[in-house]
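All figures in this text were calculated on a predicted structure; none of them were measured in a lab. In what follows, chains carry the letters A, B, and so on, assigned in the order in which the sequence lines appear, proteins first and then strands, with residues in each chain numbered from 1.
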Number of protein chains: 2
Amino acid sequence: MMTRDGCPENVLAIKDAIEALEGKWKILIMLSLSQNTKRFREISREVNGITDKVLSKELKHLEINKLIVRNEFNTFPPTVEYSITEHGKSLELLLMELYRWGMKHREEVMKD
Amino acid sequence: MMTRDGCPENVLAIKDAIEALEGKWKILIMLSLSQNTKRFREISREVNGITDKVLSKELKHLEINKLIVRNEFNTFPPTVEYSITEHGKSLELLLMELYRWGMKHREEVMKD
DNA sequence: GATAGCACTTTCCGCGAGGATAGTAATATA
DNA sequence: TATATTACTATCCTCGCGGAAAGTGCTATC
(Lines give C-alpha, C1' and ligand atoms only; values in the text may rest on other atoms or scores of the structure.)
Protein backbone atom coordinates (compact mmCIF):
# COMPACT_ATOMS: atom_id res chain seq x y z
CA MET A 1 0.00 0.00 0.00
CA MET A 2 2.44 2.61 1.14
CA THR A 3 4.77 1.89 -1.72
CA ARG A 4 6.27 4.20 -4.25
CA ASP A 5 4.48 2.96 -7.35
CA GLY A 6 1.11 2.86 -5.64
CA CYS A 7 1.28 6.57 -5.14
CA PRO A 8 -0.75 8.39 -7.78
CA GLU A 9 -3.91 6.31 -8.14
CA ASN A 10 -4.23 5.02 -4.63
CA VAL A 11 -3.80 8.51 -3.33
CA LEU A 12 -6.62 9.75 -5.51
CA ALA A 13 -9.06 7.27 -4.00
CA ILE A 14 -7.89 8.11 -0.50
CA LYS A 15 -8.30 11.80 -1.19
CA ASP A 16 -11.79 11.24 -2.54
CA ALA A 17 -12.68 9.47 0.67
CA ILE A 18 -11.29 12.28 2.79
CA GLU A 19 -12.90 14.91 0.65
CA ALA A 20 -16.31 13.28 1.06
CA LEU A 21 -16.01 13.77 4.81
CA GLU A 22 -13.81 16.77 5.45
CA GLY A 23 -14.95 20.14 6.65
CA LYS A 24 -16.83 21.39 9.63
CA TRP A 25 -20.27 20.03 8.87
CA LYS A 26 -20.53 16.94 6.69
CA ILE A 27 -20.16 14.36 9.43
CA LEU A 28 -22.59 16.17 11.69
CA ILE A 29 -25.18 16.28 8.93
CA MET A 30 -24.69 12.61 8.15
CA LEU A 31 -25.06 11.70 11.81
CA SER A 32 -28.21 13.75 12.03
CA LEU A 33 -29.68 12.04 8.98
CA SER A 34 -28.52 8.61 10.14
CA GLN A 35 -31.31 8.70 12.69
CA ASN A 36 -34.01 9.15 10.07
CA THR A 37 -35.24 11.21 7.15
CA LYS A 38 -35.37 14.91 7.92
CA ARG A 39 -36.40 18.21 6.39
CA PHE A 40 -34.09 21.15 5.76
CA ARG A 41 -35.20 23.16 8.76
CA GLU A 42 -34.96 20.16 11.08
CA ILE A 43 -31.35 19.57 10.11
CA SER A 44 -30.52 23.24 10.47
CA ARG A 45 -31.94 23.18 13.99
CA GLU A 46 -29.99 20.04 14.92
CA VAL A 47 -26.64 20.99 13.46
CA ASN A 48 -25.80 23.83 15.74
CA GLY A 49 -24.40 27.00 14.23
CA ILE A 50 -24.67 26.17 10.56
CA THR A 51 -26.12 28.84 8.29
CA ASP A 52 -28.76 28.15 5.65
CA LYS A 53 -26.37 28.92 2.85
CA VAL A 54 -23.72 26.52 4.05
CA LEU A 55 -26.22 23.79 4.88
CA SER A 56 -27.69 24.09 1.41
CA LYS A 57 -24.24 23.78 -0.12
CA GLU A 58 -23.24 20.83 2.02
CA LEU A 59 -26.46 18.99 1.24
CA LYS A 60 -25.81 19.43 -2.46
CA HIS A 61 -22.30 18.12 -2.02
CA LEU A 62 -23.55 15.08 -0.14
CA GLU A 63 -26.21 14.48 -2.78
CA ILE A 64 -23.72 14.65 -5.64
CA ASN A 65 -21.63 12.14 -3.74
CA LYS A 66 -24.70 9.89 -3.50
CA LEU A 67 -24.53 9.78 0.27
CA ILE A 68 -28.01 11.26 0.65
CA VAL A 69 -31.12 11.70 -1.50
CA ARG A 70 -33.33 14.72 -1.84
CA ASN A 71 -37.08 14.35 -2.12
CA GLU A 72 -39.14 17.35 -3.06
CA PHE A 73 -42.92 17.63 -2.69
CA ASN A 74 -44.49 20.69 -4.20
CA THR A 75 -46.59 21.68 -1.27
CA PHE A 76 -47.45 25.30 -0.56
CA PRO A 77 -44.89 25.99 2.08
CA PRO A 78 -42.18 23.90 0.40
CA THR A 79 -41.42 20.45 1.74
CA VAL A 80 -38.12 18.74 1.03
CA GLU A 81 -36.90 15.60 2.68
CA TYR A 82 -33.36 14.32 2.91
CA SER A 83 -32.40 10.75 3.66
CA ILE A 84 -29.32 8.56 3.73
CA THR A 85 -28.65 6.19 0.84
CA GLU A 86 -27.27 2.68 1.04
CA HIS A 87 -23.95 4.09 -0.03
CA GLY A 88 -24.19 6.62 2.75
CA LYS A 89 -24.75 3.83 5.22
CA SER A 90 -21.55 2.17 4.02
CA LEU A 91 -19.73 5.07 5.62
CA GLU A 92 -20.39 3.62 9.02
CA LEU A 93 -17.52 1.13 8.79
CA LEU A 94 -15.11 3.79 7.66
CA LEU A 95 -16.22 6.11 10.42
CA MET A 96 -15.59 3.31 12.90
CA GLU A 97 -12.03 2.95 11.66
CA LEU A 98 -11.50 6.69 11.75
CA TYR A 99 -12.89 6.73 15.26
CA ARG A 100 -10.63 3.90 16.38
CA TRP A 101 -7.50 5.46 14.96
CA GLY A 102 -8.55 8.91 16.12
CA MET A 103 -8.79 7.67 19.71
CA LYS A 104 -5.37 6.04 19.57
CA HIS A 105 -4.08 9.19 17.99
CA ARG A 106 -5.40 11.39 20.77
CA GLU A 107 -3.77 9.19 23.40
CA GLU A 108 -0.50 9.23 21.50
CA VAL A 109 -0.45 12.99 21.09
CA MET A 110 -1.61 13.77 24.63
CA LYS A 111 1.02 11.73 26.43
CA ASP A 112 4.33 13.62 26.42
CA MET B 1 -21.72 4.42 16.43
CA MET B 2 -23.90 6.63 14.33
CA THR B 3 -26.24 7.29 17.19
CA ARG B 4 -27.43 10.50 18.63
CA ASP B 5 -25.70 10.33 21.99
CA GLY B 6 -22.41 9.25 20.45
CA CYS B 7 -22.25 12.50 18.58
CA PRO B 8 -20.02 14.97 20.42
CA GLU B 9 -17.05 12.90 21.56
CA ASN B 10 -16.95 10.35 18.79
CA VAL B 11 -17.06 13.12 16.26
CA LEU B 12 -14.06 14.77 17.87
CA ALA B 13 -11.94 11.66 17.46
CA ILE B 14 -13.09 11.24 13.88
CA LYS B 15 -12.28 14.84 13.13
CA ASP B 16 -8.84 14.48 14.65
CA ALA B 17 -8.19 11.54 12.37
CA ILE B 18 -9.34 13.45 9.32
CA GLU B 19 -7.42 16.53 10.32
CA ALA B 20 -4.21 14.54 10.63
CA LEU B 21 -4.53 13.56 6.99
CA GLU B 22 -6.41 16.29 5.19
CA GLY B 23 -4.96 18.79 2.79
CA LYS B 24 -3.02 18.58 -0.39
CA TRP B 25 0.29 17.30 0.91
CA LYS B 26 0.27 15.27 4.14
CA ILE B 27 -0.42 11.89 2.59
CA LEU B 28 2.16 12.42 -0.12
CA ILE B 29 4.79 13.31 2.45
CA MET B 30 3.92 10.29 4.56
CA LEU B 31 4.14 8.03 1.53
CA SER B 32 7.49 9.49 0.64
CA LEU B 33 8.81 8.93 4.16
CA SER B 34 7.29 5.47 4.38
CA GLN B 35 10.07 4.28 2.08
CA ASN B 36 12.83 5.45 4.38
CA THR B 37 14.28 8.33 6.33
CA LYS B 38 14.79 11.42 4.21
CA ARG B 39 16.16 14.93 4.37
CA PHE B 40 14.18 18.10 3.73
CA ARG B 41 15.48 18.67 0.24
CA GLU B 42 14.90 15.07 -0.73
CA ILE B 43 11.26 15.26 0.28
CA SER B 44 10.81 18.56 -1.49
CA ARG B 45 12.16 16.99 -4.68
CA GLU B 46 9.90 13.96 -4.38
CA VAL B 47 6.68 15.72 -3.47
CA ASN B 48 6.12 17.52 -6.72
CA GLY B 49 5.08 21.17 -6.59
CA ILE B 50 5.30 21.79 -2.85
CA THR B 51 7.05 24.98 -1.77
CA ASP B 52 9.61 25.13 1.02
CA LYS B 53 7.33 27.13 3.23
CA VAL B 54 4.45 24.73 2.96
CA LEU B 55 6.66 21.67 3.32
CA SER B 56 8.17 23.15 6.45
CA LYS B 57 4.72 23.80 7.87
CA GLU B 58 3.42 20.36 7.00
CA LEU B 59 6.45 18.65 8.54
CA LYS B 60 5.89 20.58 11.76
CA HIS B 61 2.25 19.54 11.78
CA LEU B 62 3.16 15.88 11.24
CA GLU B 63 5.77 16.10 13.98
CA ILE B 64 3.36 17.60 16.48
CA ASN B 65 1.00 14.76 15.64
CA LYS B 66 3.83 12.29 16.35
CA LEU B 67 3.58 10.75 12.91
CA ILE B 68 7.18 11.62 12.10
CA VAL B 69 10.35 12.53 14.02
CA ARG B 70 12.84 15.21 13.23
CA ASN B 71 16.52 14.58 13.75
CA GLU B 72 18.89 17.52 13.58
CA PHE B 73 22.67 17.27 13.27
CA ASN B 74 24.52 20.52 13.59
CA THR B 75 26.76 20.13 10.63
CA PHE B 76 27.91 23.15 8.68
CA PRO B 77 25.45 22.93 5.88
CA PRO B 78 22.56 21.92 8.10
CA THR B 79 21.47 18.30 8.05
CA VAL B 80 18.00 17.34 9.20
CA GLU B 81 16.45 13.93 8.84
CA TYR B 82 12.80 13.02 8.99
CA SER B 83 11.46 9.54 9.63
CA ILE B 84 8.17 7.82 10.30
CA THR B 85 7.29 6.84 13.87
CA GLU B 86 5.56 3.67 14.97
CA HIS B 87 2.42 5.71 15.35
CA GLY B 88 2.89 6.94 11.81
CA LYS B 89 3.10 3.38 10.61
CA SER B 90 -0.22 2.63 12.27
CA LEU B 91 -1.76 4.87 9.64
CA GLU B 92 -1.30 2.17 7.06
CA LEU B 93 -4.40 0.28 8.14
CA LEU B 94 -6.52 3.41 8.14
CA LEU B 95 -5.23 4.38 4.72
CA MET B 96 -6.18 0.93 3.47
CA GLU B 97 -9.74 1.44 4.68
CA LEU B 98 -9.88 4.90 3.16
CA TYR B 99 -8.58 3.45 -0.07
CA ARG B 100 -11.15 0.68 -0.07
CA TRP B 101 -14.08 2.96 0.59
CA GLY B 102 -12.68 5.58 -1.78
CA MET B 103 -12.65 3.07 -4.62
CA LYS B 104 -16.23 1.97 -3.95
CA HIS B 105 -17.15 5.60 -3.70
CA ARG B 106 -15.68 6.43 -7.09
CA GLU B 107 -17.58 3.59 -8.73
CA GLU B 108 -20.79 4.67 -7.03
CA VAL B 109 -20.47 8.29 -8.06
CA MET B 110 -19.31 7.55 -11.62
CA LYS B 111 -22.19 5.26 -12.56
CA ASP B 112 -25.29 7.29 -13.33
C1' DG C 1 35.60 35.88 -5.78
C1' DA C 2 31.29 34.00 -7.39
C1' DT C 3 28.17 30.50 -7.07
C1' DA C 4 25.61 26.57 -5.30
C1' DG C 5 23.58 23.90 -1.69
C1' DC C 6 21.03 23.24 2.77
C1' DA C 7 16.97 24.04 5.88
C1' DC C 8 14.53 26.90 6.65
C1' DT C 9 11.92 31.97 7.54
C1' DT C 10 9.81 36.17 5.94
C1' DT C 11 7.04 39.07 3.15
C1' DC C 12 3.61 39.88 -0.19
C1' DC C 13 -0.42 38.64 -2.53
C1' DG C 14 -4.77 36.41 -4.48
C1' DC C 15 -8.42 33.44 -4.00
C1' DG C 16 -11.98 30.96 -2.07
C1' DA C 17 -14.49 29.08 2.05
C1' DG C 18 -17.70 30.33 4.91
C1' DG C 19 -20.23 33.69 8.23
C1' DA C 20 -23.94 37.46 8.61
C1' DT C 21 -27.83 39.27 6.80
C1' DA C 22 -31.68 39.92 3.95
C1' DG C 23 -34.83 38.66 0.32
C1' DT C 24 -38.35 35.39 -2.19
C1' DA C 25 -43.36 33.14 -3.17
C1' DA C 26 -47.18 31.34 -1.07
C1' DT C 27 -50.01 30.14 2.67
C1' DA C 28 -51.79 29.67 7.42
C1' DT C 29 -52.47 31.77 11.64
C1' DA C 30 -53.32 35.53 15.11
C1' DT D 1 -53.56 43.25 8.32
C1' DA D 2 -49.31 41.61 10.14
C1' DT D 3 -46.55 37.87 10.98
C1' DA D 4 -44.51 33.25 10.81
C1' DT D 5 -42.98 29.33 8.11
C1' DT D 6 -40.31 26.86 4.38
C1' DA D 7 -36.30 26.06 1.43
C1' DC D 8 -33.65 28.29 -0.44
C1' DT D 9 -30.64 32.25 -3.12
C1' DA D 10 -27.98 36.59 -3.27
C1' DT D 11 -24.84 39.94 -1.53
C1' DC D 12 -21.27 41.51 1.24
C1' DC D 13 -17.31 40.84 3.95
C1' DT D 14 -13.49 38.76 6.48
C1' DC D 15 -10.07 35.47 7.34
C1' DG D 16 -6.68 32.23 6.38
C1' DC D 17 -4.48 28.95 3.18
C1' DG D 18 -1.13 28.47 0.13
C1' DG D 19 1.86 30.10 -3.87
C1' DA D 20 5.94 33.09 -5.46
C1' DA D 21 10.07 34.99 -4.39
C1' DA D 22 13.77 36.44 -1.76
C1' DG D 23 16.73 36.38 2.38
C1' DT D 24 19.98 33.90 5.94
C1' DG D 25 24.46 31.75 7.70
C1' DC D 26 27.87 28.92 6.52
C1' DT D 27 30.65 25.90 3.62
C1' DA D 28 32.48 23.60 -0.54
C1' DT D 29 33.42 23.98 -5.21
C1' DC D 30 34.72 26.18 -9.57
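Contact annotation for B:Tyr82: backbone-only contact, meaning every heavy-atom pair under 4.0 Å involves sugar-phosphate atoms and none involves a base. Heavy atoms of A:Ser44 sit nowhere under 4.0 angstrom from any nucleic acid atom.
Side-chain contact, A:Glu46 with A:Ser32: a donor N or O sits under 3.5 Å from an acceptor N or O.
Nearer to the 5' terminus of DNA chain C, by closest-nucleotide assignment, is the contact made by A:Gly23 (compared with the other of A:Asp52 and A:Gly23). Residue whose closest nucleotide on DNA chain D sits further toward the 5' end, between A:Ser56 and B:Lys24: A:Ser56. Closest-nucleotide positions on DNA chain C for A:Pro78 and A:Gly49 were compared, and the one nearer the 5' end corresponds to A:Gly49.
Side-chain proximity of B:Pro77 to the nucleotides C:dT10, C:dG5, C:dG18 is greatest for C:dG5.
Within the structure, a side-chain polar atom (N or O) of B:Arg70 is placed less than 4.0 Å from OP1 or OP2 of C:dC8. Taking side-chain N and O atoms only, B:Arg39 has a distance below 4.0 Å to OP1 or OP2 of C:dA7. A close approach under 4.0 Å does occur between a side-chain nitrogen or oxygen of B:Trp25 and OP1 or OP2 of D:dG19. In this model, the phosphate group of D:dA7 is not approached by any side-chain N or O of A:Lys60 to a distance below 4.0 Å at OP1 or OP2.
Residues B:Ile18 and A:Ile27 are in side-chain contact: their nearest non-hydrogen atoms beyond the backbone lie under 4.5 Å apart.
Between B:His61 and B:Trp25, the ring centre distance reaches or exceeds 6.0 Å.
Taking CG of B:Leu98 as the reference point, atom NE2 of B:His105 lies at 11.5 Å (rounded to 0.5 Å).
With hydrogens and angles left out, the side chain of A:Lys57 and the base of C:dG18 share no donor-acceptor pair within 3.5 Å.
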